[in-house]
Amino acid sequence: MRERWPLTLRGTGALVLAVVAFVVAQQAAIPELLYFGVLMLALVVCAAISALVVRATGDVVRTVSPEVAEMGGIAEVRLSVHVSTPLPTLPGRWSDALPTGIEGRAEGAFPAAASTLRRAGAPVLLRYEMSGAVRGIHSVGPLRVSTTDPFGVIRRRFAVGRPTEVTVAPTIVELGPLPSSPGEAGGTRQSSALQLGQGADNLVARPYAPGDSMRRIHWRATAHRDTLMVRQEEQESSPAATVVLDRALSRWSPAAGETPGRDRAFETAISVCVSAVARLVHEGYTVDVVDSDGELLADPVEGGEDAEARGLAASFATLRARPDGPSRRIIPAATTAMLGPVVVVTGRVAHDDLSALRASAPRSALAVLVAVAEDTVGLEAATTGWHATTLAPGGDVAQAWDRAMRPEDARVGA
């Protein structure tokens with residue numbers, strides 16, 4: 001009620017005094033009170049006219065750091081507010097409209113503003129902290145300012161600027177390292193030279209191309225072929241890994257195919273997916289992220305590029321489950337031939353899926369299966385060839401990963 005009432009305490013008092021003065025002046029026949037009442041009423045009316053006729057405008061620039069907020073992470077929002085007002089205003093309050101997917105206390109005191117008829121005023125700098133609560137892209141704003149006229153009688157409320165879109169990405173959990181035993185892992189980036197024969201003089205040579213360094217001229221091949229030849233440049237190879245995110249709607253609740261954040265299990269699965277990608281990239285693997293039908297969900301993430309892994313998480317801000325494909329696979333057929341690490345993140349596993357899991361265990365020495373569900377009965381029967389574990393929705397991702405990484409615990413975890 002107080003927010004809807006346009007008068008301040010001072011304005012309400014002036015209006016009450018005007019009414020009382022009119023009544024007493026008429027009852028007690030005191031004409032001076034009538035003049036006083038007219039003066040109070042004129043003050044309120046003039047203030048109301050100024051609030052209606054003279055409008056304040058402005059613009060706001062929001063800077064969010066970091067630009068992409070993680071679920072549960074803290075981001076700082078800085079605002080630079082420019083207000084244009086013909087009449088000066090007294091100190092007031094400000095608030096920034098936050099959607100349901102973002103939490104924070106976005107309000108505070110707004111300083112007095114001088115008239116900008118003759119010159120532009122200095123920007124007002126504000127800040128607050130917010131936290132991502134729901135994955136997705138959310139609109140923050142507009143900024144709402146509530147001040148008063150120069151006499152402090154009428155409240156003046158106006159919106160400044162336009163909303164700003166803020167991306168809330170799934171949480172990247174720091175996972176433990178991959179097993180270091182021979183044959184199980186080994187994602188360190190390697191350099192190898194293409195060779196022909198056994199010696200350094202037998203390196204592959206190719207014709208000279210404009211821009212090639214003269215230091216790479218292969219003199220023996222040049223003399224043999226009577227044309228300028230250069231040594232083949234060393235090629236850096238990065239071992240490959242694959243992360244499969246099963247988006248089939250039958251393994252999640254129907255809400256997973258609607259708005260992000262509705263299905264807690266699917267949200268946990270996305271966090272497992274991006275966390276596994278970040279771990280593999282950190283280990284030096286180039287990672288492909290696909291769904292259970294083999295569809296590439298993002299461009300390959302190069303090994304060692306941690307920033308690209310976070311960019312992948314940002315691109316998953318609006319990812320949803322999809323209707324089941326005809327094959328109803330948990331993992332793509334091509335993945336079974338992978339020699340590098342394969343991480344499969346799925347939801348509910350039915351009994352019909354167990355035999356398919358046993359038959360499709362990849363050739364990889366490190367095949368990880370994470371099922372995000374309240375109860376996946378019989379999954380232990382499908383662990384042949386898999387480092388398998390289950391994870392309750394909202395559970396500890398790092399602990400589940402550690403269980404899967406330990407060969408002696410390559411079974412369903414609690």
Side-chain angles (χ1 to χ4, degrees), residues 69-72 99-103 131-138 167-173 243-277 289-295 297-298 312-332 343-357 360 368-382 386 388-401 403-404 412-414:
E70 284 190 8
M71 287 182 57
T100 54
I102 293 179
E103 299 175 346
S131 174
V134 178
R135 180 177 58 91
I137 299 177
H138 309 281
T167 300
V168 177
T171 304
I172 296 180
V173 179
V243 175
V244 181
L245 176 61
D246 187 356
R247 296 192 298 148
L249 196 56
S250 62
R251 308 192 198 284
W252 315 100
S253 75
E258 300 170 1
T259 306
R262 297 281 302 276
D263 183 7
R264 192 180 184 192
F266 189 67
E267 298 304 307
T268 303
I270 292 182
S271 179
V272 174
C273 174
V274 296
S275 300
V277 171
V289 185
V290 300
D291 72 1
S292 54
D293 280 346
E295 178 187 351
L297 299 180
L312 172 75
S315 70
F316 280 7
T318 57
L319 192 68
R320 297 178 296 177
R322 53 154 179 79
D324 288 40
S327 63
R328 293 195 76 255
R329 295 178 180 274
I330 291 183
I331 63 173
V343 179
V344 178
V345 184
T346 186
R348 294 185 296 266
V349 178
H351 288 285
D352 296 341
D353 300 320
L354 299 180
S355 58
L357 284 171
S360 61
V368 181
L369 175 65
V370 180
V372 183
E374 290 290 353
D375 183 23
T376 305
V377 179
L379 185 63
E380 63 276 7
W386 292 94
T389 185
T390 57
L391 174 62
D396 192 320
V397 175
Q399 284 188 5
W401 178 265
R403 288 197 303 267
V412 175

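The closest side-chain heavy-atom distance from S292 to I330 is not below 4.5 Å. The closest side-chain heavy-atom distance from S271 to I172 is not below 4.5 Å. V290 is listed as a side-chain neighbour of P332, based on a closest heavy-atom distance under 4.5 Å. Proximity of V345 to L245: side-chain heavy atoms (C-beta onward) are separated by under 4.5 Å at one or more points. F316 has its side chain within reach of V274: a pair of non-hydrogen atoms, C-beta onward, lies under 4.5 Å apart. Within the 4.5 Å cutoff, no side-chain heavy atoms of V168 are placed close to those of V134. For the pair V370 and V344, the minimum side-chain heavy-atom distance is 4.5 Å or more. Between P393 and F266 there is no side-chain heavy-atom pair separated by less than 4.5 Å.
The two residues A321 and W252 come nearest to each other via the heavy atoms CB-CD1, 4.2 Å. Taking all atoms of both residues into account, the shortest heavy-atom contact from T389 to A404 is CG2-CB, 4.0 Å. Nearest heavy atoms, P99 versus H138: CG-CB, 3.6 Å. When all heavy atoms of P323 and L249 are compared, the closest pair comes out as CA-CB, 4.2 Å.
Between D293 and R322 there is a salt bridge, since a side-chain N of the basic residue sits under 4.0 Å from a carboxylate O of the acidic one.
Distance alone, capped at 3.5 Å, places no donor-acceptor pair between the W401 side chain and the D396 backbone. Of the possible donor and acceptor atoms, none in the side chain of T346 sits under 3.5 Å from a partner among the backbone N and O of D246. No donor-acceptor distance shorter than 3.5 angstrom exists from the side chain of S275 to the backbone of V272, with no hydrogens or angles considered. Remark: side-chain polar atoms of T171 are paired, donor with acceptor, to backbone N or O of M71 under 3.5 angstrom. Although no hydrogens or angles enter the test, the distance criterion places a donor-acceptor pair under 3.5 Å between the side chain of R403 and the main chain of T390. For D291 (side chain) and V244 (main-chain N/O), no donor-acceptor pair under 3.5 Å exists by modelled atom type.
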Going through the checks in order, is the salt bridge (Lys or Arg N to Asp or Glu O under 4.0 Å) test met by R247 and E295? CA-CA 11 Å; R247 296 192 298 148; E295 178 187 351; 3.7 Å; yes

Should E267 and R135 be marked as a salt bridge (Lys or Arg N to Asp or Glu O under 4.0 Å) after you check the CA-CA gap, both sets of side-chain angles, and the distance that decides it? CA-CA 8 Å; E267 298 304 307; R135 180 177 58 91; 2.7 Å; yes

After noting the C-alpha distance and the side-chain angles of L391 and V397, does the key distance pass the side-chain contact (heavy atoms from CB on, under 4.5 Å) rule? CA-CA 7 Å; L391 174 62; V397 175; 4.0 Å; yes

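P170 pairs in a side chain to side chain contact (heavy atoms under 4.5 Å, CB included) with only one of the listed residues (T268, I270, L312), which is I270.
Residue S253 holds its OG atom at 8.0 Å from CZ of R262, rounded to the nearest 0.5 Å.
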